[in-house]
Amino acid sequence: MTKINSIAVLTSGGDAPGMNAAIRAVVRAGIFNKMKVFGVMRGYEGLISGNFKEMVSRDVSNIIQTGGTILKTARSKEFHEIEGRKKAYNKLKRAGIDALIVIGGDGTLRGARQFTNEFNIPVIGMPGTIDNDLWGTDYTIGYDTALNTVVEAVDKIRDTAASHNRLFFVEVMGRDAGFLALRSGIACGAEAILIPEKETHLDQLKSYLEKGKKKRKSSSIIIVAEGDDAGGAFEIAKKVKKDFSDYSIRVSILGHIQRGGRPSAFDRVMASRLGVAAVDALLDDQKSIMVGMQNREIVHVPFNKTIKYHKGINDSLLVTADILTI
Ligand code: ATP
């Protein structure tokens with residue numbers, strides 16, 4: 001068993017609310033276990049350039065409630081290349097750092113697996129992405145907050161939709177995954193939910209809208225995940241408009257407001273638990289795993305598995321949505 005005296009933590013990929021709570025937990029759990037903890041700036045970029053500094057407990061005071069990440073984040077092309085990863089390893093060794101904790105999404109964990117395989121340095125991953133698309137964990141840090149942000153925004157759009165008898169297509173984030181769209185759609189009582197995991201049949205959507213028209217519905221909200229196969233909210237709205245020229249149709253792309261904001265209590269607690277678990281995992285001699293949450297309990301998921309398997313959408317949620325959107 002290798003003794004770990006010094007660790008580094010970074011955030012990478014897209015920012016997600018709760019990343020600060022995760023950093024805080026790693027820093028404090030590390031110090032609690034008599035380790036030195038270094039914060040790496042700008043994800044793998046900072047690892048390659050050696051942009052890191054030792055953190056004390058006070059450095060993470062008053063951040064648990066803030067969105068974004070105090071360590072900043074980046075997407076690093078250089079880390080995709082072995083030369084870049086070699087530089088990163090050398091910088092870590094020179095600073096006497098024994099292990100690394102990374103907080104990010106699928107790409108971040110792929111990079112982490114590559115790095116630990118090549119250089120035999122323990123790396124623990126924490127799932128941090130608003131997309132919730134990582135296999136092996138029920139939730140990712142940031143997803144719950146983003147979900148609540150979407151719900152709040154769509155509730156406001158509903159007021160306008162109802163006041164003007166309008167049909168709104170609301171596009172939410174999710175290029176490859178419909179988790180945000182499906183749950184927010186259920187939570188907002190959307191009339192239809194279009195996600196990448198399910199083929200979109202425009203005919204079905206149109207016949208549904210036809211029925212709504214006959215029933216004199218005062219408003220309709222269609223939630224569209226940005227990766228939907230029918231081409232995104234603008235494209236679908238254009239196609240629908242052809243057959244419903246008398247409808248007042250509007251499109252709203254929620255965009256980057258979904259990433260920011262104060263993390264929800266759920267995200268703060270989960271990030272705190274996962275941060276402590278990540279440090280514990282290093283003490284238990286773990287080397288190449290993501291700490292995740294299944295049925296509200298902490299789990300260790302090998303990088304190989306979380307990267308290899310695809311997290312599917314929950315079928316019972318799909319059924320619920322189908323029943324309630326008629
Ligand atoms: P999000 O889900 O928010 O997009 P992410 O972690 O998936 O977050 P990416 O941009 O895909 O975001 O990945 C973050 C960084 O991880 C990349 O910029 C790159 O530096 C590194 N990375 C991704 N894939 C690999 C890989 N196969 N090998 C080495 N490094 C990688």
Side-chain angles (χ1 to χ4, degrees), residues 8-20 22-23 40-52 67-69 71-89 91-92 100-119 121 123-137 139-147 149-150 172-181 196 225-227 254-261 263 267 271 274 278 288 290-292 301 303-311:
V9 57
L10 61 81
T11 48
S12 160
D15 64 302
M19 279 183 163
N20 279 333
I23 295 165
V40 180
M41 299 305 293
R42 305 192 68 245
Y44 292 130
E45 283 291 305
L47 210 55
I48 291 168
S49 62
N51 189 358
F52 33 81
T69 156
L71 293 178
K72 315 281 184 188
T73 181
R75 303 192 196 264
S76 166
K77 276 200 183 126
E78 215 182 336
F79 201 74
H80 278 278
E81 310 298 328
I82 175 80
E83 294 79 20
R85 295 192 294 272
K86 175 96 182 133
K87 279 188 206 165
Y89 177 73
K91 287 281 176 0
L92 283 175
L100 178 64
I101 294 178
V102 300
I103 307 162
D106 175 68
T108 300
L109 300 187
R110 279 175 196 278
R113 179 184 62 164
Q114 192 73 17
F115 192 54
T116 181
N117 284 351
E118 284 164 353
F119 298 103
I121 180 165
V123 185
I124 306 295
M126 293 174 62
T129 165
I130 62 165
D131 293 335
N132 200 32
D133 58 349
L134 286 171
W135 189 91
T137 187
Y139 297 106
T140 55
I141 297 164
Y143 171 64
D144 181 69
T145 306
L147 184 57
T149 301
V150 172
V172 308
M173 280 187 173
R175 255 169 299 171
D176 309 305
F179 295 99
L180 258 186
E226 61 183 337
L254 294 189
H256 280 86
I257 62 158
Q258 294 163 89
R259 280 202 183 281
D267 273 331
L274 289 178
S288 182
M290 174 188 82
V291 287
V301 188
F303 282 150
N304 282 343
K305 282 195 171 167
T306 191
I307 286 162
K308 183 170 154 197
Y309 296 125
H310 178 75
K311 183 175 182 179

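The first residue of the sequence shown is numbered 1, and numbering continues consecutively from there. Remember, it's 1-based here, ligands and their atoms both numbered in the order they're listed.
- Distances below 4.0 Å separate heavy atoms of T129 from the following atoms of ligand 1: 2 (O), 3 (O).
- For ligand 1, the polar-atom distance check finds an N/O of R75 within less than 3.5 Å of one of the ligand's N/O atoms.
- The contact set between ligand 1 and G14, taken as ligand atoms under 4.0 Å from a residue heavy atom, comprises 1 (P), 3 (O), 8 (O).
- Between the side chains of T149 and Q258, not a single donor N or O lies within less than 3.5 Å of an accepting N or O.
- Using a 30° and 60° split on the angle between ring planes, Y89 and F115 fall in the perpendicular class, above 60°.
- In this structure, atom 6 (O) of ligand 1 lies nearest to the protein heavy atom T108 OG1, 2.5 Å.
- Between the side chain of R259 and the main chain of P17, no donor-acceptor pair closer than 3.5 Å is present.
- Judged by distance alone, with hydrogens and angles left aside, the side-chain atoms of Y44 form a donor-acceptor pair with the main-chain N or O of T108 at under 3.5 Å.
- Every atom of ligand 1 is numbered from 1 in the order shown, and the set under 4.0 Å from a heavy atom of Y44 is 16 (O), 20 (O), 21 (C).
- Closest to atom 18 (O) of ligand 1 among all protein heavy atoms lies S76 N, 2.7 Å.
- Given atom 25 (C) of ligand 1, the protein heavy atom at minimum distance is H80 CE1, 3.4 Å.
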Before you tell me yes or no, could you show the steps for I82 and R85 under side-chain contact (heavy atoms from CB on, under 4.5 Å), namely the whole-Å CA-CA distance, both residues' side-chain angles and the distance that decides it to 0.1 Å?
CA-CA 5 Å; I82 175 80; R85 295 192 294 272; 4.0 Å; yes
Salt bridge (Lys or Arg N to Asp or Glu O under 4.0 Å) for K87 and E78? Distances and angles first, verdict last.
CA-CA 10 Å; K87 279 188 206 165; E78 215 182 336; 2.6 Å; yes
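- Those atoms of ligand 1 that come under 4.0 Å of a heavy atom in G105, given as number and element, are 2 (O), 5 (P), 6 (O), 7 (O), 8 (O).
- Protein heavy atom in closest approach to atom 7 (O) of ligand 1: G107 N, 2.9 Å.
- Contact atoms of ligand 1 toward F79: 20 (O), 29 (C), 30 (N) (distance under 4.0 Å to a heavy atom of the residue).
- Note: L71 CG to T11 OG1 = 5.0 Å, rounded to the nearest 0.5 Å.
- Nearest protein neighbour of atom 27 (N) of ligand 1, counting heavy atoms only, is R110 CB, 3.9 Å.
- In terms of protein heavy atoms, atom 15 (C) of ligand 1 is closest to S12 OG, 3.6 Å.
- Closest to atom 30 (N) of ligand 1 among all protein heavy atoms lies G111 CA, 3.3 Å.
- Side chain of T140 to backbone of T129: a donor-acceptor contact under 3.5 angstrom is found.
- For K311, the NZ atom counts as densely surrounded, since its 6.0 Å shell holds more than 12 non-hydrogen atoms of other residues, nucleotides or ligands.
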